Amino acid sequence: MGNAEKFTRKQVAQTVQLLLEHGARWQASDIHIEPHEQYVLVRYRIDGHLRSAHKIPRKALPALLEQCKEMALLDPKEVLAPQQGNFQTTVKDTSYTVQITTMPVYGGEKLVLHLTAQAKAPVPLAALGYWGKNLESMQTALARSFGTIIVTAPKHHGRPTTQASMVAALNNPALSIATIEEHLSYRIPHANQTAVNPRSGLSMLKGLQAVLHQDPNVVVVGSITDKDVADLTIETGMSGHLVVAGMHSDSAVSSLLHLRALGVPDYLMASSIKIVCAQRLVRKLCEHCRMRTAITESQLEQLKKSFNISGPAAFKRIHELEIEAIESGIGEDKRPSTSSKTITHLWRPNREGCEACGHTGYNGRTALTEVLTFSDRVHKALLDPKTTSASLQASLIKNEGFVPLALDGITKSLRGHVAMHDVLRVTHTA
């Protein structure tokens, strides 16, 4: 950028646009602009991991911050309090919404830009990482004319993508579909989509209330944010509407306990909720250069300890799931990585990578998933105030064949989709 003291507005604007272009080209979800003593570090979050990319002169930070704040209609003079906003931009014929957040830190302000491509068509649920019985349960729930489907995930783990794909899977132009979302990330066919707007007073609750006045068949609630939204969402699923609602939680079970903690009566949940889908995004192994290796004794012992795999029944269950995955077309290599008694092979990234993955060993992300059907056992567990997430999940695994996130991740790892250590990292098993 040259001499930082002689920056022109045009140069600063060009720098911001260049950062956005790099982010779009590398399919980054976030751009972090961080002040350090000697320079400003720019990092991109790609496939869930931050990668350092640029160093900008330290004196350029104030002009860069001012430019981004003005684009997001924020106060450029406010440097002591966090701010949030957004703006629209276009990179190579693709429109993006850029969410901007600022935070005062030592040395100045940190700036994060979150990139969301606009008007993308939803992808099929199978392409997101759903398969087998989980996919069948989702399709069964979507075939109903009423009831509530909960989709839960931590922030930035693909929840809006799954909600959009679910509704797109209905593929019925005769249905009236209405959404109230935080941001319009996807264009859902035949849907009337609305984004919340705090500046105009359009909250999630007010938007949902207004949507229901028009009596749609299908309602998408972007996120259950509080008790009022939770109550109205659950009640809507009981009153002749099919509802696809989002939540932020760690697992399918914990989302139900969270609704209970908000004060949603158990009988309403039992009458309204059909399934709860939870997911966690994890980076995919590059299919061009990933490597399959025989497992060592020490690796096997570490896996048994990390994932609490004990006894012949556990290995048999893992083997059965891998066979189901092979039959469902998960993984191009049809050779199993398990036997009924043990794990025989693992997949790992190629440390040198290849051109297809930018020599990282990874390319893209997929979802680890779990789908919980609201059964009598779940209902009874919610009646007991002593029920915990761990106790309910253990009961469902033992008695209903529930496949939790970690076990789905193990299966996808054995099929060469993801690395086992990444499954361990995102499921917090150890």
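What you see below is based on every heavy atom in this structure, not just the backbone, and it leaves out hydrogens, waters and symmetry mates. Throughout, residue positions are numbered sequentially from 1 according to the sequence presented. These figures come from a predicted structure and were not determined experimentally.
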Is [Y] close to [X] at the side-chain level, that is, under 4.5 Å between some pair of heavy atoms?
X      : Y      : result
Ser203 : Pro198 : no
Glu355 : His288 : no
Ile33  : Leu19  : yes
Arg187 : Gln193 : yes
Val378 : Leu256 : yes
Ile410 : Phe307 : yes
Arg260 : Leu257 : yes
Ile31  : Val42  : yes

Any chance you could measure [X], atom [atom1], to [Y], atom [atom2], to the nearest 0.5 Å?
X      : Y      : atom1 : atom2 : value
Lys110 : Glu34  : NZ    : CD    : 4.5 Å
Ile343 : Met420 : CD1   : CE    : 5.0 Å
His417 : Arg290 : NE2   : CZ    : 6.5 Å
Leu50  : His32  : CG    : NE2   : 4.5 Å
Leu382 : Met269 : CG    : CE    : 5.0 Å
Ile149 : Cys277 : CD1   : SG    : 6.5 Å

Walk me through whether Asp215 and His241 qualify under side-chain contact (heavy atoms from CB on, under 4.5 Å). CA-CA 8 Å; Asp215 196 26; His241 305 274; 3.3 Å; yes
Looking at [X], I want to see if its [atom1] is surrounded by more than 12 non-hydrogen atoms of other residues, nucleotides or ligands under 6.0 Å.
X      : atom1 : result
Gln84  : CD    : no
Lys227 : NZ    : yes
Glu301 : CD    : yes
Arg9   : CZ    : no
Phe87  : CZ    : yes

Please check: side-chain N/O of [X] versus main-chain N/O of [Y], any donor-acceptor pairing under 3.5 Å?
X      : Y      : answer
His345 : Thr338 : no
Arg280 : Leu405 : no
Ser165 : Pro124 : no
Glu370 : Ala252 : yes
Lys69  : Glu78  : yes
Thr152 : Ser249 : yes
Ser337 : Leu414 : yes
Lys274 : Arg144 : no
Thr140 : Glu136 : yes
Ser239 : Thr236 : yes

For [X] and [Y], which heavy atoms make the closest approach, and how far apart are they?
X      : Y      : value
Thr373 : Ser137 : OG1-OG, 4.2 Å
Leu142 : Leu170 : O-CD2, 3.2 Å
Ala381 : Thr387 : O-OG1, 2.6 Å
Glu182 : Val196 : CA-CG2, 3.8 Å
Ala168 : Ile188 : N-CG2, 4.3 Å
Val264 : Ala230 : CG2-CB, 3.8 Å

Verify the distance criterion only: is there a donor paired with an acceptor across the side chains of [X] and [Y] at less than 3.5 Å?
X      : Y      : value
Ser251 : Gln393 : no
Tyr130 : Gln279 : yes
Gln88  : Thr97  : yes

Practice item. Mind running side-chain contact (heavy atoms from CB on, under 4.5 Å) on Ile318 and Leu321 for me, showing each step along the way? Key: CA-CA 5 Å; Ile318 291 172; Leu321 281 173; 5.8 Å; no
*How would you list, by chain and number, every residue that makes a salt bridge (Lys or Arg N to Asp or Glu O under 4.0 Å) with Arg283, sequence neighbours excluded?*
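Scan of Arg283 (salt bridge (Lys or Arg N to Asp or Glu O under 4.0 Å), adjacent residues dropped) gives Asp422.
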### Pair Tyr39 + His54: ring centers closer than 6.0 Å
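No, the ring of Tyr39 stays outside the 6.0 Å limit from the ring of His54, centre to centre.
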Contacts of type side chain to side chain contact (heavy atoms under 4.5 Å, CB included), residue Arg51, not counting sequence neighbours:
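Applying side chain to side chain contact (heavy atoms under 4.5 Å, CB included) to Arg51 gives Ile46, Asp47, Thr360.
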Considering residues at least two apart in sequence or located in another chain, which fulfil the side chain to side chain contact (heavy atoms under 4.5 Å, CB included) criterion with Ser29?
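Arg45, His114.
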task: Could you please spell out the steps behind the side-chain contact (heavy atoms from CB on, under 4.5 Å) verdict for Trp347 and Leu285?
output: CA-CA 8 Å; Trp347 292 83; Leu285 291 172; 3.8 Å; yes
**OP:** Could you give me the CA-CA distance, side-chain angles and deciding distance for Ser389 and Ser254, then say whether side-chain hydrogen bond (donor to acceptor under 3.5 Å, both in side chains) is met?
**Re:** CA-CA 5 Å; Ser389 179; Ser254 64; 5.0 Å; no
Exercise for review: Give the intermediate values and the outcome of side-chain contact (heavy atoms from CB on, under 4.5 Å) for residues Trp131 and Asp408.
Suggested key: CA-CA 10 Å; Trp131 64 281; Asp408 183 67; 2.9 Å; yes
ask   = Under 30°, 30 to 60°, or over 60°: which ring-plane class applies to His379 and Phe374, parallel, tilted or perpendicular?
value =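 The rings of His379 and Phe374 sit tilted, inter-plane angle from 30° to 60°.
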